[in-house]
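So that the names make sense, note that chain A is the first sequence line, chain B the second, and so on, each numbered from 1.
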Protein chains: 2
Amino acid sequence: MTIYDISKKAGVSIATVSRVLNGSENVRPSTRKKVMDVIDKYDYTPNAFARGMGLHSLKTIGILCADSSDLFLAKAVYFLEQELQANGYESLLCCTGYNPDIKKNYLNLILSKKVDSIILVGSHFIGFNEDENQYIKDVSTQVPIMLLNASFDHPNVYSTLCDDYGTMFEAATEMIQSGITDILYLYDSKSYSGLKKLHGFCDAMKEYNIPGFEKLIHFYDGNIEHLNEVADFVARIATKGTSFHGIMTSDDSLAIGSIKYAQKKGIRIPEELSVMGYNNSMLTNCCTPELTSVDNRLETLTHQLVQTLLGVLAGEEMPKKSIFSGKIIKRGTTLF
Amino acid sequence: MTIYDISKKAGVSIATVSRVLNGSENVRPSTRKKVMDVIDKYDYTPNAFARGMGLHSLKTIGILCADSSDLFLAKAVYFLEQELQANGYESLLCCTGYNPDIKKNYLNLILSKKVDSIILVGSHFIGFNEDENQYIKDVSTQVPIMLLNASFDHPNVYSTLCDDYGTMFEAATEMIQSGITDILYLYDSKSYSGLKKLHGFCDAMKEYNIPGFEKLIHFYDGNIEHLNEVADFVARIATKGTSFHGIMTSDDSLAIGSIKYAQKKGIRIPEELSVMGYNNSMLTNCCTPELTSVDNRLETLTHQLVQTLLGVLAGEEMPKKSIFSGKIIKRGTTLF
DNA sequence: CTGAAAGCGCTAACAA
DNA sequence: TTGTTAGCGCTTTCAG
């Protein structure tokens with residue numbers, strides 16, 4: 001069924017059908033009805049490709065994320081889709097995995113679908129030297145690029161993020177003030193936001209002149225979904241003689257793994273060990289006691305991102321960077 | 001940058017550029033190189049829409065799921081994307097929510113993008129009367145429809161699923177044989193697979209002539225991510241005087257909520273109460289003791305689905321229905 | 001208010 | 001091996 005079929009059946013020209021389809025004012029109501037009836041009768045949907053060949057917007061936003069099964073990313077994607085849909089935009093999701101080359105390919109691929117903008121979800125898309133980010137610069141000449149929880153300073157690139165540095169700084173400060181200074185810091189990602197968190201932690205430790213805190217910083221290289229492996233990882237660190245009475249992590253999963261470690265060893269939480277997660281995911285209340293965690297206001301972030309995006313697409317001047325503070329959600333695994 | 005620009009700069013016709021682009025054999029290597037150099041130099045990507053206007057496949061599969069932040073669905077989508085990508089297909093994801101009308105609209109929308117097939121993830125897309133499924137029949141005339149964890153008998157519709165009925169029957173049988181007959185059954189979805197599980201449970205109870213088991217079947221209407229509310233829900237049931245020594249659920253979240261209930265009440269698991277989840281998600285080892293759950297072999301299902309799909313697209317005769325058995329993963333919340 | 005006709009960028013016959 | 005050309009289905013001037 002094409003616009004030609006419809007025009008023939010309705011006894012009008014394709015231009016008129018096109019006008020009806022696009023809600024043009026310049027159609028006599030009776031003509032409009034005649035056309036609409038045919039359209040409804042045959043359940044006709046215009047071909048998006050032929051449509052896309054024209055110049056204008058297809059009202060579609062490309063969303064790229066590394067892994068849609070990651071709890072945090074999945075939620076982010078979910079909120080973005082909802083928000084975009086509420087504003088009349090469709091979204092097109094691609095999961096790129098963590099390989100940089102593949103990421104770049106996907107970016108071009110999604111661009112070729114004539115999206116109005118591309119949202120990069122998570123900070124895995126930002127590298128640490130100019131070269132790595134060239135591909136973003138290239139694409140930004142064509143459509144606005146929106147970064148969720150990452151930051152990159154470049155024309156036509158807009159960042160919306162949680163201040164992971166400051167929030168982690170604050171969280172660490174709170175733990176230190178509760179009397180715990182030997183804090184194990186576990187992280188699983190060296191992405192932009194992963195390192196921000198790490199620096200926030202380090203700076204808080206430095207602020208309080210805690211000696212040798214660097215030795216308690218450990219990078220976990222495995223799959224964070226395998227909680228028992230995380231527990232073993234913590235056990236191995238403990239076995240090496242390092243003692244700690246607090247654990248802070250870059251992700252809730254690592255914290256849950258830490259709790260499992262404590263339970264296996266009969267260490268009481270929070271009396272003997274304080275644990276704090278990050279992301280405030282649904283995992284926080286799966287365990288006992290429930291996990292204190294940092295909420296990075298994901299829903300606020302996604303909302304703001306879409307608002308900024310809509311503004312940019314409407315040609316308004318919008319903030320290049322929107323930063324929110326996270327907040328600590330106190331539950332049962334910490335003393336404060 | 002269009003194919004015309006490239007052809008001009010390379011000093012060939014657009015047909016030759018097109019051939020190079022599409023990997024045709026009939027191009028002299030030197031010509032190919034000449035064209036490729038120009039393409040690379042200008043970082044040219046062909047316009048997918050103009051391309052899509054042709055008749056042939058765009059090597060794109062549409063994936064529809066109700067909610068991409070649901071643990072089970074997110075994993076399914078993830079596996080599907082990986083599998084499709086490995087076979088040279090792109091995927092286009094839409095999250096429809098649970099509203100039937102919106103689902104239908106999305107189906108048409110995704111179809112208009114000239115996808116080669118549509119995968120419906122989860123059984124929420126199948127209704128229980130003919131009318132509700134008319135929209136699937138309609139679309140199935142245009143492209144093959146693949147169902148993941150749902151079943152619908154219709155030409156050009158292929159189902160790949162876990163035998164939730166049989167698996168739940170088996171699981172319930174196992175619990176009964178471990179000596180527990182007063183089993184609380186919690187479920188949160190009345191979808192195709194949700195009801196299959198329920199029936200499997202009921203039939204096992206009937207098989208063993210357990211009287212009054214129906215009174216212990218409860219539908220949970222809230223958000224299953226809110227584990228504490230699930231716990232309260234179970235507590236309310238217990239307060240009403242119904243006693244039970246086993247809990248089986250249609251989803252791990254409900255089981256975790258049940259464990260929270262037990263912990264709050266000081267009920268020991270599994271000594272005083274056996275709990276069994278479903279889906280074998282990452283939640284199963286967040287809690288203590290770890291949750292016995294049913295693995296529905298999601299990765300196997302997605303793999304099989306994509307294999308079937310590839311066969312169908314290649315014009316081969318493929319099974320209309322592929323059914324796998326789930327398996328019980330025994331952990332610490334049950335006696336057996 | 002409506003219709004005719006010129007593209008949009010590409011693919012795929014068909015010719016050469 | 002390469003070029004020419006007719007569509008693909010739609011939007012959008014431009015006439016009427």
Task: Closest-nucleotide ordering on DNA chain C, the 5'-leading residue of A/Ile14 and B/Asn47 - done: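 Its nearest nucleotide being more 5', the pick is A/Ile14.
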Open item on the list: For D/dC10, does the base pair up with any side-chain atom of A/Tyr4 as donor and acceptor (N or O, under 3.5 Å, distance only)?
Closed with: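 Under the 3.5 Å cut-off, the side chain and the base do form a donor-acceptor pair.
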Return the nearest nucleotide to the side chain of [X]; candidates are [options].
X	options	answer
A/Arg19	D/dC10, C/dC14, C/dG3	C/dG3
B/Ala15	D/dC14, D/dC10, D/dG3	D/dG3
B/Ala50	C/dC10, D/dG9, D/dT2	C/dC10
B/Arg28	D/dC10, C/dA12, D/dT1	D/dT1
A/Thr2	D/dC10, C/dA4, D/dT1	D/dC10
B/Ile3	D/dG3, D/dT2, C/dC10	C/dC10

Open item on the list: Pairing donors with acceptors under 3.5 angstrom, does anything connect the side chains of A/Asn129 and A/Glu132?
Closed with: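 Yes, a side-chain donor-acceptor pair sits under 3.5 Å.
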TODO: For A/Val17, report the nucleic acid contact type (base, sugar-phosphate, nothing); a contact means any heavy atom under 4.0 Å.
DONE: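 Nothing, no heavy atom under 4.0 Å.
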Open item on the list: Using a 4.0 Å heavy-atom cut-off, does A/Ser18 contact any base of the nucleic acid, only the sugar-phosphate backbone, or nothing at all?
Closed with: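 Since a base atom lies under 4.0 Å of A/Ser18, the category is base.
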Task: Parallel, tilted or perpendicular: rings of A/His124 and A/Tyr98 (30°, 60°) - done: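 Perpendicular: the ring planes of A/Tyr98 and A/His124 meet at over 60°.
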Open item on the list: If the threshold is 4.0 Å, N to carboxylate O, is there a salt bridge linking B/Lys33 and B/Asp37?
Closed with: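 B/Asp37 and B/Lys33: salt-bridged.
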Task: For atom NZ of B/Lys8 and atom P of D/dT4, their distance in whole Å - done: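 Value for this atom pair: 13 Å.
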- [ ] Would you mind reading off the distance between B/Asn22 atom CG and C/dG9 atom P, rounded to a whole angstrom?
- [x]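 The answer, rounded to whole Å, is 17 Å.
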Open item on the list: Less than 6.0 angstrom from the centroid, inside 45 degrees of the normal: does B/Lys103 satisfy that with respect to the ring of B/Tyr135?
Closed with: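 Cation-pi check for B/Lys103 and B/Tyr135: fails.
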Open item on the list: Under 4.0 Å from OP1 or OP2 of C/dG3: is there any side-chain N or O of A/Thr16 that close?
Closed with: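 For C/dG3, OP1 or OP2 has a side-chain N or O of A/Thr16 closer than 4.0 Å.
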